[in-house]
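When a residue number appears, it is its place in the shown sequence, counting from 1. Keep in mind that this is a model prediction, so the values were computed, not measured.
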Amino acid sequence: MGTEVENRADVLIVGAGVIGASAAFALAKAGHDVLVVDRNSGVGDGSTGSSAGIIRVHASDAQSSALAADALAVWNNWRDFLGADSTEEVARFVRCGSLILDAGTGFVDRAAAAMRAAEVSFEEWSLDEMSGHFPYFDFHRFGPPRPVDDDEFWSEPTELLPGALYTAQSGYVGDPTLAAVNLMHAAQREGARLRRSAPVVRIDLEGARAVGATLADGSRLRAEAVLVAAGPHTDSLVTAIGGTSDFRVRTRRIREELVHVPAPAGLDLALQGVHLVDGDLNINFRPELGNAFLGGSNGDLVEEQTVIEDPDEFNPLVTADVWERTTLRLARRIPALGVPRARTGVVGLYDAAEDWLPIYDRTCFDGLFVAMATSGTQFKTAPIVGELLRHVIETELDGRDHTAEPFLAPTSGRSYSTAQFSRLRDPRKGQLRG
């Protein structure tokens, strides 16, 4: 195959994380010639690899909840979805359920309304019910969340939380990177091509149309459509050519620390673990292999977010301040927890919108598309998002407005409006990461 042919494709995808790999699979299955490039040496080595891998169905709005439920059906049949044979190692979905504590912020009410509208099953638990299922939790009201050096943090609570929502079908994928690798292998079986260690330095334009990209080694790639799904690097690539000039939704890059804390002696998380969403203490944890907890912040408190301007310049190590804040808050909820002295965990950079909803859209340039603001929230929907992005790209290349035509989920036939994910939307007020 000549260099000219190798450097051309119907669709060029920048980014081999879980979203880029899913889009490659969906587009290649539909018969498109797909080329994927990534700056890293491995698939899923960016923000996908620092994801908590949580597969939850609760959300602040009905469409997000429904999309997560449709994706959950895929995670439950992962090998079949991929078309992988019995010899391929595939990511494993572990069902543990999600417990969403009623912290009095209104989030539980919104999530319940969203799941009802989406026809997603859930249970409303009283204090007695959640205490009976998870006796190792202290369900006192400790919030609102305070710094751990605030004297009020250690005051004895007098109130109890009133209850929670519980979704038994939720869980997690313990190896998010492997899930991205699985999707890329599936895409390659359909004919997609992959180049690793190939950083894009510029999206190339001819007039008002994107025609490809230039790599750091000077290679020029050409395609009918370019999809930028490069996580925290997406904004800088697209902004450099004025591609975000008409965006109404702001994105930012948030440094996220996930800490790893062993479970108390005598507590078997394989049997008694749950994904805990705790707005009262602003923490979010799930069970981890090795009988431990993995988690971090809910992301709701602006004052506790570390926003990074340059995605190539951030501290990749767990810090003492965040470790202490996160583990001590978890220890308030789990009194028997021993806080280890060694700081272990995962640090990544999340690409997030101000309303925590993703952007799946074209840009002001014809042929240039983005999958932005997906980190920390959209791993769970990735298998369906690949098909949604195919719908967006194919519709626009055909000269039609994708926001005016519903996307039909292949797993359920459920209809979705892509306008919710538009760059031109007004940011949703009160939207939380969950």
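Salt-bridge check for R189 with E88: passed, with a basic side-chain N closer than 4.0 Å to an acidic carboxylate O. Look at D138 and R332 and you find no salt bridge, because none of the NZ, NE, NH1 or NH2 atoms lies under 4.0 Å from a carboxylate O. With respect to R116 and E124, a salt bridge is recorded, a charged nitrogen being found less than 4.0 Å from a carboxylate O. The existence of a salt bridge linking D45 and R196 is excluded, since no basic side-chain nitrogen approaches an acidic carboxylate oxygen closer than 4.0 Å. A salt bridge links D312 to R39: one of the charged nitrogens lies within less than 4.0 Å of a carboxylate oxygen.
For D85 and T87, the side-chain atoms include at least one donor-acceptor pair closer than 3.5 Å. D361 and H402 share a side-chain donor-acceptor pair at under 3.5 Å. A donor atom on one side chain and an acceptor atom on the other are found under 3.5 Å apart for S219 and D217. Side-chain contact annotation: Q420 with S64, donor-acceptor N/O pair under 3.5 Å present. With 3.5 Å as the limit, one finds a donor-acceptor pair spanning the side chains of Q378 and T381.
Residues M130 and L161 have side chains in contact (heavy-atom distance under 4.5 Å, counting atoms from C-beta outward). Using a 4.5 Å heavy-atom threshold, the side chains of F137 and L276 count as touching. Put simply, the side chain of I54 reaches to within 4.5 Å of the side chain of N284, judged on heavy atoms. The side-chain heavy atoms of T214 and V200, taken from C-beta on, include no pair separated by under 4.5 Å. Using a 4.5 Å heavy-atom threshold, the side chains of E257 and S297 count as separate. Contact check for L328 versus F153: side-chain heavy atoms found under the 4.5 Å cut-off.
Around the CG atom of D151, the shell of radius 6.0 Å holds no more than 12 heavy atoms that belong to other residues, nucleotides or ligands. Within a 6.0 Å radius of CD in E123, other residues, nucleotides and ligands contribute more than 12 heavy atoms. In R250, the CZ atom is not crowded: 12 or fewer heavy atoms of neighbouring residues, nucleotides or ligands sit closer than 6.0 Å.
Each of R428, R425, R252 was compared with D355 under the salt bridge (charged side-chain N to carboxylate O under 4.0 Å, His left out) criterion, and only R425 meets it. Between T403 and the options L424, T418, V392, a side-chain contact (heavy atoms from CB on, under 4.5 Å) holds for only T418.
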Step by step, would you call D278 with R329 a salt bridge (charged side-chain N to carboxylate O under 4.0 Å, His left out)? CA-CA 10 Å; D278 188 348; R329 285 178 175 173; over 6 Å; no
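Although no hydrogens or angles enter the test, the distance criterion places no donor-acceptor pair under 3.5 Å between the side chain of Y172 and the main chain of C96.
The aromatic ring centres of F379 and W75 sit less than 6.0 Å apart. Taking the six-membered ring for Trp and the full ring otherwise, the centers of F81 and F25 sit less than 6.0 Å from each other.
Partners of A336 by side chain to side chain contact (heavy atoms under 4.5 Å, CB included), not counting sequence neighbours, listed by chain and number: P264. Shown here are the salt bridge (Lys or Arg N to Asp or Glu O under 4.0 Å) partners of R286, two or more places apart in sequence or in another chain: E288.
Relative to the six-membered ring of W323, R341 misses at least one condition, a distance below 6.0 Å or an angle of at most 45° to the axis.
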